[in-house]
2 protein chains.
Amino acid sequence: MASLTRVIENYINSLFSEVEEPSISLRRKELAEHFGCVPSQINYVLRSRFTPERGYIVESQRGGHGFIRIVRICYDMPDEKISHIDDIVGDSITEQGARRVLASLHERGMIDMKERLLIEVAMRHTDELGSGEFDISPYRRNALAAELLKRMLRSLILS
Amino acid sequence: MASLTRVIENYINSLFSEVEEPSISLRRKELAEHFGCVPSQINYVLRSRFTPERGYIVESQRGGHGFIRIVRICYDMPDEKISHIDDIVGDSITEQGARRVLASLHERGMIDMKERLLIEVAMRHTDELGSGEFDISPYRRNALAAELLKRMLRSLILS
DNA sequence: CCGGTATTGACTATTACTGACCTATACAGT
DNA sequence: ACTGTATAGGTCAGTAATAGTCAATACCGG
């Protein structure tokens with residue numbers, strides 16, 4: 001029962017695999033017809049799957065000869081990676097948000113499964129302390145979670 | 001007797017046995033209907049049984065085509081190794097003691113550099129919180145440190 | 001009886017998808 | 001140049017389908 005969104009996402013990913021280039025171009029209307037859906041479905045896929053958080057930038061142009069271009073960003077330098085981490089984690093993060101970040105980084109090959117597991121254990125422990133005996137506000141807990149997550153990810157990237 | 005939680009836990013484990021894959025997918029609603037319970041019972045089973053500490057990662061998505069995926073990192077967690085961890089860490093540990101343990105495990109090839117670093121970062125963060133804004137006694141801090149260290153080590157003593 | 005574990009359900013949050021309406025661009029005719 | 005028109009893509013709000021959270025309650029082993 002694959003969802004349409006995932007099907008389209010996979011299709012676009014296969015386009016990236018076929019060519020070596022870091023960017024591909026699409027026509028929204030054609031893609032929509034190909035998958036038998038409304039054009040705005042394509043926007044939904046782009047907004048939810050090809051985000052900066054996942055390492056993509058989307059450009060487009062309307063009107064005659066309109067197009068949509070998806071660019072895959074490559075972060076090589078350690079300091080680029082660090083600032084990317086800081087961007088996607090932010091100053092506050094929920095448990096769900098943290099899991100999304102970890103899943104995304106894992107999918108992109110930036111962390112492996114064991115590292116992901118360790119980070120989850122540490123965050124869970126910290127959150128238990130915060131909600132238990134320390135009795136910290138949820139707002140503050142999310143700020144602490146973001147700080148811990150960034151520290152752990154930074155240390156991974158620099159090592 | 002056989003509590004529902006244990007029944008569901010066993011059912012999920014049997015799914016892992018049936019397929020060789022390291023991950024399985026579920027629909028919370030279907031599973032709940034299958035066992036005639038409320039959907040949130042499934043969350044309880046996942047929270048209490050399929051934790052990162054036990055070597056599992058749980059991913060999920062709400063909304064249309066939602067799912068719950070359970071990834072098993074650890075195939076068998078030998079009890080001797082766990083009790084070994086408990087022995088060498090104990091119920092309380094100093095920062096230096098923790099470093100000695102990590103260095104020893106690293107030398108014996110049981111953890112790699114990145115894992116060691118991750119654990120140190122998490123412990124330092126927790127200790128900073130305890131000694132800083134929460135003013136926890138040194139004795140209690142060492143107990144928390146031991147707890148965190150054991151949890152993280154247990155989660156990655158595998159294969 | 002006590003303390004922890006298990007169960008429930010009301011309320012909340014998120015996601016996929018659609019369709020009506022909005023905006024931008026190129027180009028041809030004047 | 002100016003303007004109209006055809007041809008793109010963008011936005012937003014609504015709906016249905018899922019999953020998550022939390023606190024109250026029930027249950028069970030010691």
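In what follows, every chain begins at residue 1, and chains take the letters A, B, ... in the order their sequences are listed. Just so it is clear, the values below take in all heavy atoms, side chains as well, and ignore hydrogens, waters and symmetry mates.
Each of A:Gln61 and B:Cys37 was matched to the nucleotide of DNA chain C holding its nearest heavy atom; the match closer to the 5' end belongs to B:Cys37. Residues B:Leu26 and A:Gly66 both approach DNA chain D. Their nearest nucleotides, taken by heavy-atom distance, put A:Gly66 toward the 5′ side.
Per the geometry, CD1 belonging to A:Ile68 stands 14 Å off C1' belonging to D:dT7, to the nearest Å. Protein atom CD of B:Glu9 is 13 Å distant from nucleotide atom C1' of C:dT5, rounded to whole Å. Whole-Å rounding puts the A:Asn43 CG to D:dG10 P distance at 5 Å. Rounded to an integer number of Å, the gap from CD of A:Gln96 to P of C:dT12 is 17 Å. One interatomic measurement links the two molecules: CZ of A:Arg99 to C1' of D:dT21, which rounds to 12 Å at whole-angstrom precision. Taking atom CG on B:Leu31 and atom C1' on D:dG20, their separation rounds to 16 Å, with Å as the unit. As a whole-Å value, the separation of A:Leu46 CG from C:dC17 C1' is 15 Å. The separation between A:Glu95 atom CD and C:dT12 atom C1' is 16 Å, rounded to whole Å.
Within the nucleic acid shown, B:Gly64 comes within 4.0 Å of at least one base atom, counting heavy atoms only. Here A:Leu4 lies in heavy-atom contact (under 4.0 Å) with sugar-phosphate atoms only. Within the 4.0 angstrom heavy-atom criterion, only backbone atoms of the sugar-phosphate kind lie near A:Arg49; the bases stay farther away. Counting non-hydrogen atoms under 4.0 angstrom, B:Ile42 reaches nothing in the nucleic acid.
B:Ser40 contributes a side-chain N or O that forms a donor-acceptor pair with the base of C:dG9 under 3.5 Å.
More than 12 heavy-atom neighbours from other residues, nucleotides or ligands sit within 6.0 angstrom of CD on B:Glu128. Within a 6.0 Å sphere centred on CZ of A:Arg108, heavy atoms belonging to other residues, nucleotides or ligands number more than 12.
In this structure, A:Arg72 forms a cation-pi arrangement with A:Phe16, its terminal cationic atom sitting closer than 6.0 Å to the ring centre and no more than 45° off the ring axis.
The structure places CG of B:Leu117 at 7.0 Å from CE of B:Met113, a figure rounded to the nearest 0.5 Å.
One finds a side-chain N or O of A:Gln41 lying less than 4.0 angstrom from the OP1 or OP2 phosphate oxygen of C:dC17. Under 4.0 angstrom from either OP1 or OP2 of C:dC17 there lies at least one side-chain N or O belonging to A:Thr5. Between B:Tyr44 and C:dA6, a side-chain N or O to OP1/OP2 separation shorter than 4.0 Å is present. When the side-chain nitrogen and oxygen atoms of B:Ser3 are compared with OP1 and OP2 of C:dT5, none of them lie within a distance under 4.0 Å.
Between C:dA13, C:dC17, D:dA8, one nucleotide has an atom nearer to the side chain of A:Lys29 than all others, and that is D:dA8. For A:His65, taking side-chain heavy atoms from C-beta onward, the closest of the listed nucleotides C:dT7, C:dC27, C:dG9 is C:dC27. For A:Arg62, whose side chain is taken as the heavy atoms from C-beta onward, the closest listed nucleotide among D:dG20, C:dA6, D:dG9 is D:dG9. The side chain of A:Arg27 lies closest to D:dA8, out of D:dG10, D:dA8, C:dC17.
Remark: B:Glu120 pairs with B:Arg99, B:Leu102, B:Arg116 by the side-chain contact (heavy atoms from CB on, under 4.5 Å) rule, at least two apart or across chains.
At least one donor-acceptor pair closer than 3.5 Å links the side chain of B:Asn10 to the backbone N or O of B:Arg6.
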